A.B. asks: 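The following block contains the structure, expressed as structure tokens.
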Amino acid sequence: MSVTAFLTDSTLCIGCKACEVACKEWNGIEGDGLDWSGFSYDNTGAVGASTWRHVKFVERAPVPGLGGNAGEQASWTFSSDVCKHCEQAGCLEACPTGSIVRTEFGGVFIQPDVCNGCGYCVTACPFGVVARNEQDGRAFKCTFCYDRQKVGLRPACAKACPTESIQFGEIDELREKARLRLEELHRRGMDDAAFYDPTHTSVRGTHAMFIIRGDPRTYNLPPSPQVPTIYLKKGWRSSALAAGLLLGGTLLALLTDGRSGR
Amino acid sequence: MSDPVPLGDLVPGLERERRLAEIRREAERRGKLDVVGGRPPGAPFPQATPETGYYKIPLLKEPPWKWEIPLYFFVGGAAGAAAVVGAIADYTGVDRKLVKHARWIAAAGSVISPVLLVADLGRPARFLAMLRVFKPQSPMSMGVWTLVGFSSGAAAAAFAGFLSDRYGPSLPLRWLENAGQAASLAFGLPFSNYTGVLIGATAIPVWNRNVGDLPLHFAASGLAAAVGMLELMGHGKNRALQALGLGAGIFESWEGLRIEGRSDPHLDPLKHGASGWTTRTGGVLSGPVPTILRLLSALGGKRRSASLRRWAAWSAIAGSLITRFAWIRAGHASARDWKLPLEIRSE
Amino acid sequence: MLKDLLSRWPLIQQIQTGADGTGPEAMSERTRNLRPKTDGAEVARSICPYCGVGCGQLVFHKDGKLISIEGDPESPISRGHLCPKGADTYELHTHPGRLTKVKYRRPYSRHWDQIELEQAMDRVAERLWESRERTFQETCDGETLMQTTAIAHLGGATLDIEENYLIRKLFTVGLGMVSISNQARI
Amino acid sequence: MPGLGTSFGRGGATTAQQDLSNADAILIMGSSMAENHPVGFQWVMEAREKGAKVIHVDPRYTRTSAMADIWLPLRAGTDILFLGALVNYVLENNREFREYVVHYTNASAILREDFRDTEDLDGLFSGWDAPKNKYSPESWLYQGAPSKETGGEKAGHSDVGGGHGKDRGGEAQDASQFESDPTLEHPRCVFQVLKRHFSRYTPEMVERYCGVPEDVFLKAADAFSSASGPERTAAICYAVGWTQHSKGVQIIRTASILQLLLGNIGRPGGGILALRGHASIQGSTDIPTLYDILPGYLPMPLFESDSHQLEDYIKKHSTRTGLWSKFDHYFVSLMKAYYGDGAAKDNDWGFHWLPRITGDHSHFGYWLDMADGKLEGLFVMGQNPAVGASNGRLERKALAKLKWLVVRDMVETETASFWYASPEVERGELSPETIGTEVFLFPAAGTAEKAGTFTNTQRLLQHREKAVDPPGDARSEAWFMYHLGRRIKEKAKNDARSRNAGLRALTWNYSVEGLHTEPKVDEILEEINGYTLPGRVQLTKIKELRNDGSTACGAWIYCGVFPEPGHNRANERNPRDLLGHGWGFSWPNDCRIIYNRASARPDGQPWSERKKLVWWDEEKKEWTGLDNPDYEKNVAPDEPANIHSGTGIKALGGAKPFILHPDGVGWIYVASGLKDGPLPAHYEPLESLFHNPLYRQQTNPGAQKKERPDNPYAESPGDPRFPYVLTTYRLTEHHTAGGMTRTLSHLAELQPELFTEISPELAAELGLTHGDWATITTPRGLVEARVMVTPRMRPVRIDGRVLHQVGLPYHWGYRGQVTGDIVNDLLAISEEPNVRIMETKALVCNLVPGRRARGSAARQQLDAQLGRTA
């Protein structure tokens with residue numbers, strides 16, 4: 001059983017949103033609203049409980065003579081967002097029910113039959129991926145098509161993607177592929193091409209990696225996401241101190257002056 | 001070949017050309033048009049840039065909790081602290097009534113807390129799902145197991161105490177009471193403040209920035225509430241409680257000053273907007289108000305003193321309650337921030 | 001029985017194995033037995049109904065019900081890929097807005113009526129025949145004409161070639177309808 | 001597609017989508033391929049990743065531009081000026097592939113002395129008959145070719161008739177004895193005429209009137225034209241961005257000329273790919289539901305000229321040389337398929353039972369008659385003209401004049417609900433009480449619920465298996481037609497009138513199967529493929545067709561798709577190579593790249609190793625290679641041509657790749673077959689802001705405006721009331737009129753609302769706010785849309801003037817999960833002369849902030865727009 005990942009290459013993405021629809025079709029997710037956003041061609045906004053793949057549209061003013069593949073200027077880039085399936089996943093660590101598990105493929109999977117809707121994972125995700133379904137309160141996100149992967153099928157989004165912007169495969173191979181791709185893009189003059197895979201932070205890398213053009217913040221990708229478990233030590237230390245103070249203070253107060261109130 | 005015929009008025013001069021260039025530059029630079037022309041300026045359009053993030057759509061999702069959870073924070077904090085006060089009071093042999101009342105607060109908390117959680121989750125079975133695993137890395141899992149321990153202990157102690165009062169003491173009852181009390185003390189200590197770790201160890205900036213303070217803050221707040229309740233239950237003259245209330249009030253005042261004094265933009269939700277005002281209200285009611293009232297009560301006459309302490313108690317309870325709601329609201333505001341989670345500096 | 005119940009309690013497994021509650025020990029029965037919904041379904045090989053690219057589709061069905069429609073990886077044109085429209089073909093077939101009964105509107109009526117399929121077919125055949133009777137011209141100035149221009153047909157570019165063949169054969173060659181058109185005018 | 005048909009011989013894409021990955025440059029123009037054919041676009045991406053230059057020309061910066069290397073903004077409607085400048089660039093810089101041009105095109109043919117070019121007549125070719133408003137094209141013929149005047153047995157042209165017959169490669173022309181000059185130096189040879197014709201189509205003109213900066217144009221011209229020659233090829237992709245103009249055919253012609261000059265037809269990575277917007281657009285022209293052709297592009301007989309003898313009809317439409325020399329074989333076999341035993345030699349195979357066409361019976365032709373109350377009944381199947389057709393207001397109001405209307409669809413479309421939900425009802429122009437139309441709305445089966453075959457954009461027949469039964473009373477169109485036919489045949493059975501003779505003879509004995517008694521579609525495809533009579537042995541190739549009644553064949557070009565019972569080649573699923581041999585069946589004869597003889601040099605060997613496709617195997621004495629040869633298998637390359645006196649396909653010899661043309665070469669110059677000239681010339685759109693910069697002739701002389709009170713036009717050029725250029729288009733997330741997408745939650749949410757794309761400059765000028773509403777008006781109608789201000793729209797500078805272009809996608813209507821105003825209400829009904837298509841890609845409009853009026857006030861606003869008082 002190999003450890004798998006997505007590599008989403010925005011220099012190959014044509015912004016068709018097939019991944020969004022294929023995901024919803026496979027997973028039987030309802031549509032989530034018919035609002036026109038005015039944010040370029042993006043009317044679904046962000047990944048959430050009922051959108052597990054989401055295509056972002058980043059516009060800049062184009063110049064005649066330069067298409068989007070020209071190295072000089074990225075003018076309209078698309079990038080399909082998804083749960084990052086962090087190596088050190090906030091939601092997974094936070095889940096109090098064991099509903100969220102790491103699968104044999106390295107993905108982070110919410111078991112819908114176990115999830116009790118506590119919502120703690122929502123606050124624990126540094127990428128704002130996990131969200132609670134308004135109807136039944138349970139948390140939902142990309143399953144990494146665990147059901148499909150179990151029988152050797154590719155995730156629905158990667159399969160549908162017409163231009164293979166969403167690549168799926170063994171994680172180390174994809175990292176190598178991304179490295180070569182980046183070299184190639186730089187060679188072509190796309191100096192702004194970058195690889196997003198936050199291995200340098202406490203998230204320790206993701207199973208959904210991205211090749212983008214320009215600053216990751218443009219795509220709502222945090223430059224250095226942190227898994228919230230890094231705050232535990234400080235928190236529990238403070239908790240212990242608080243307990244000690246409470247115990248000590250109470251003891252002190254009652255020993256010295258407990259009776260005099262009467 | 002015929003010559004193209006110009007279209008009279010419709011042909012613009014160089015000036016208009018320049019103006020168009022100006023408009024485009026402006027639009028590209030700011031994503032917004034303020035150029036004053038013959039017509040009203042308009043047409044800003046949203047942009048995705050390193051400065052605005054992705055159309056200023058917040059990266060993080062807001063915490064999904066409604067009123068049940070901050071209320072639970074409040075109840076748990078008060079109940080945990082009450083259990084501690086009750087147990088210590090018992091061990092120090094100070095005041096049977098204080099012990100009993102403290103136990104009752106703890107016991108009430110141990111019943112109300114799971115009810116609130118179930119209300120938040122929707123179904124009782126969903127609460128049981130929390131007992132599938134034991135995860136030290138999850139404050140919520142730890143909290144649930146603490147709650148289970150605390151509730152069992154506090155309920156057992158109260159129940160055994162009730163039975164001994166009614167039917168007279170017996171060894172098994174005594175044993176149950178002692179064990180329950182010991183458990184409620186042991187679990188009550190973390191139970192009164194673990195919710196600070198719970199929200200502190202999340203991706204919400206305003207929370208995780210304060211993870212080192214929150215448990216202390218919540219413990220003080222819980223203690224203040226417990227003390228206030230006990231005072232209102234007839235222990236208005238207990239000087240130990242007065243001391244504890246004073247200590248909590250001073251700590252809360254200091255906490256408030258600390259927050260106000262730091263200029264970290266991550267703390268903005270605690271200072272600005274609706275969540276800021278809620279925080280300040282809770283802070284004032286928890287810190288300076290009861291502290292001053294308690295100090296005044298020490299100086300004044302007997303009747304006036306009792307009345308001041310009652311006010312201090314009410315203020316502390318209200319402050320404690322509002323504070324928990326304030327922190328949750330601040331968490332919402334912090335999650336809605338499109339800048340900080342993306343490490344975009346505020347202007 | 002109790003032992004069985006306990007052994008399925010992830011906490012017990014945690015204690016036994018020292019696991020941290022994020023791995024297989026925390027998986028439910030359903031998760032362990034998870035299979036794709038297409039497992040055991042029959043497959044029909046199909047082509048996407050939307051644009052002219054002609055992507056291959058696999059139609060999974062079980063007991064006369066559609067299960068899923070996805071790309072056919074063997075298609076040399078689409079290689080298993082689909083666009084958003086093609087990826088939504090399952091919903092196209094199963095959405096609640098689909099018609100399943102003939103709707104009939106009487107002249108000057110304000111509402112739809114529902115009629116039986118066979119009855120509707122009889123009536124359409126009747127209307128077609130009557131209109132042709134009224135408007136058919138065999139000759140004009142002694143020259144062969146054999147046409148009616150008063151009955152028209154529109155459509156075909158999303159229909160099968162077999163269906164178009166029947167349309168042209170019956171309407172034009174059989175009945176003399178010449179006003180026949182579809183989207184594909186160029 | 002007469003543009004391709006007259007140039008190369010067949011009205012179909014010359015190549016396969018996969019073959020785009022072999023290209024060294026790809027020009028996408030008149031198409032946003034990434035948006036509307038995303039899965040096909042993967043092959044463009046593959047080429048790009050291999051180093052090919054992708055050039056996109058479009059008024060808007062689209063998702064396709066975002067994938068391209070070079071994007072050129074263009075003023076809508078100036079495509080011929082742009083492409084003509086590319087042709088001129090190739091000629092000026094000697095970039096043509098000389099050997100290909102000399103051997104495989106008609107560049108060397110010499111024209112008659114009385115031919116006059118648009119350069120001579122200021123925008124008209126010789127032969128313009130102003131009173132009749134059409135060309136008399138005798139003077140366009142080659143020098144020496146027989147003509148009416150010289151008493152040729154067959155004149156070069158017929159006077160009437162539609163255009164789709166020309167898909168088959170120009171009108172039958174006797175190619176005998178024309179003169180040519182292989183040095184291409186003769187002043188009246190096609191090559192020199194072409195040079196002169198396009199000499200004023202310069203980069204300066206492109207900058208001034210297309211709005212493309214000169215240096216940008218030169219960059220693209222160099223990139224594209226350098227992908228030519230033995231080692232390199234370039235492909236062109238287009239879609240309705242070229243066809244939906246008042247000169248659409250001539251735009252495609254210009255591209256054809258360019259590709260012939262660069263030697264890019266019939267070669268891997270070359271060709272012209274027409275991108276079709278529907279699953280079987282190609283199929284519905286091959287097996288047409290079009291008024292002017294019969295299956296396989298056989299022309300419908302015309303009243304008067306074809307009313308008499310079958311012999312005359314056949315003579316008129318067949319050629320002495322090339323594939324069309326067997327016209328009689330194709331036609332007689334079709335008649336046998338239609339009428340079975342009823343078709344016999346002594347009744348001219350039933351020729352006299354066929355209806356004759358008397359004029360324009362196309363969509364708009366008969367719809368205008370419908371609006372005038374001349375039609376009784378209409379069938380609409382899987383189409384939604386209430387939203388999808390030009391001048392929607394006229395279209396919908398015409399429906400109210402019908403006696404009966406039959407709509408078949410999967411959902412209740414706008415067309416079916418026009419009588420109670422249309423904007424005309426809202427505006428009080430129509431009301432159910434006054435509409436006497438009887439409406440039948442039948443539920444239709446989806447593609448997974450019926451077996452059948454689509455012919456895709458690359459002429460590939462692909463069969464679909466049936467998965468499940470359709471729900472409720474939903475049925476396939478095959479079911480509907482079969483059972484309707486059964487009832488009609490029953491009525492005709494005992495009716496001995498001569499009008500019903502053909503109907504009685506019509507073969508209609510398909511067997512049925514299943515719960516719903518569906519006709520077996522395989523039997524229909526077997527009939528289309530053809531079989532022998534009386535033995536009913538399936539035919540395997542076109543050559544087996546006979547003219548003596550011993551074969552029946554429903555569409556000669558599809559012959560071979562069903563070579564034996566139970567063997568449906570359209571259902572083959574074992575692709576062996578990039579071109580997909582073994583998967584489906586590509587007409588003709590499973591050739592994936594047609595005219596592929598041109599991929600080899602005249603001597604039969606590949607132009608280069610890199611670009612080899614089909615070549616002559618000296619040992620086996622046959623054509624072989626990576627594709628099925630689109631050529632006589634055993635005719636050696638050195639076999640001499642005998643065009644002037646030979647007959648049949650053999651007369652073309654061994655080095656004439658374009659076997660449907662009587663002279664076997666690609667036509668840079670189309671001497672016969674087009675109604676608006678042998679060469680393309682730039683004309684302004686019917687509604688334009690500018691005078692034609694090149695000629696006094698403003699618009700395509702042959703185009704029909706169909707101007708009438710309910711189909712009015714802006715004054716042209718430069719109507720001050722409509723100062724902007726409007727262009728309409730599709731989005732990836734929706735399909736045409738929206739019946740298959742606006743009804744679905746997963747697609748509706750992706751593009752929920754009608755919006756108009758405008759530049760920041762225009763927004764500032766008009767005080768429009770992003771996200772607010774604007775109302776767009778033309779003389780035909782008005783729609784409201786949300787304003788999307790985007791730098792992807794940019795004004796172009798035309799002749800010193802800043803021109804704003806406004807974009808509007810057109811998918812919305814008044815039914816479905818998301819609704820919106822109908823953009824096609826803005827368009828005029830107009831007809832291009834050859835194929836009668838409307839102009840949707842370039843017209844003029846006005847734009848005002850705010851929403852449109854509602855109810856009867858909307859009618860007043862509309863009437864005011866039309867310049868009338870309410």
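Worth saying up front: this structure is predicted, and the values here are computed from it rather than measured. Chain letters run A, B, ... following the sequence lines, proteins first and then strands; every chain starts at 1.
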A.B. asks: Checking heavy atoms, do the side chain of Val85(B), its backbone, both or neither come under 4.5 Å from chain A?
C.D. replies: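 Both backbone and side chain of Val85(B) come within 4.5 Å of chain A.
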
A.B. asks: Go through the atoms of Glu62(B) and report whether side chain, backbone, both or neither lie under 4.5 Å from a heavy atom of chain A.
C.D. replies: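 It is the backbone, since no side chain atom gets that close.
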
A.B. asks: Under 3.5 Å, is there a donor-acceptor pair between the side chain of Lys135(B) and the main chain of Pro96(A)?
C.D. replies: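 Absent.
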
A.B. asks: Is Tyr219(A) in contact with chain B via its backbone, its side chain, both, or neither, using a 4.5 Å heavy-atom distance?
C.D. replies: backbone

A.B. asks: Using only non-hydrogen atoms and a strict under-4.5 angstrom cutoff, which residues of residues 223-245 of chain A touch chain B?
C.D. replies: Pro223(A), Ser224(A), Pro228(A), Thr229(A), Tyr231(A), Leu232(A), Lys234(A), Gly235(A), Trp236(A), Ser238(A), Ser239(A), Leu241(A), Ala242(A), Ala243(A), Leu245(A)

A.B. asks: Given that the side chain runs from C-beta out, which part of Thr49(B) has a heavy atom under 4.5 Å from chain A: side chain, backbone, both or neither?
C.D. replies: backbone

A.B. asks: Pairing donors with acceptors under 3.5 angstrom, does anything connect the side chains of Asp42(A) and Tyr55(B)?
C.D. replies: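 No - no donor-acceptor pair under 3.5 Å links their side chains.
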
A.B. asks: How close do Leu121(B) and Asn116(A) get, counting heavy atoms only, and between which atoms?
C.D. replies: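 Heavy atoms of Leu121(B) and Asn116(A) come nearest at CD2-O, 3.3 Å.
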
A.B. asks: If the condition is ring pair (Phe, Tyr, Trp, His ring centres under 6.0 Å), which residues does Phe109(A) pass it with, not counting sequence neighbours?
C.D. replies: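 Scan of Phe109(A) (ring pair (Phe, Tyr, Trp, His ring centres under 6.0 Å), adjacent residues dropped) gives Tyr146(A).
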
A.B. asks: Can you tell which part of Pro341(B) gets under 4.5 Å to a heavy atom of chain A, answering side chain, backbone, both or neither?
C.D. replies: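 When you check distances to chain A, only backbone atoms of Pro341(B) fall under 4.5 Å.
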
A.B. asks: Side chain, backbone, both or neither: which part of Trp145(B) has a non-hydrogen atom closer than 4.5 Å to chain A?
C.D. replies: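 Neither part, no heavy atoms under 4.5 Å.
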
A.B. asks: Using non-hydrogen atoms only, which part of Cys118(A) is less than 4.5 Å away from chain B: side chain, backbone, both, or neither?
C.D. replies: both

A.B. asks: Please name the pair of heavy atoms, one in Ala240(B) and one in Leu254(A), separated by the smallest distance, quoted to 0.1 Å.
C.D. replies: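 Result for this residue pair: CB-CD2, 3.7 Å.
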
A.B. asks: At a heavy-atom separation under 4.5 Å, does Leu185(B) approach chain A through its side chain, its backbone, both, or neither?
C.D. replies: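 Looking at Leu185(B), just its side chain touches chain A.
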
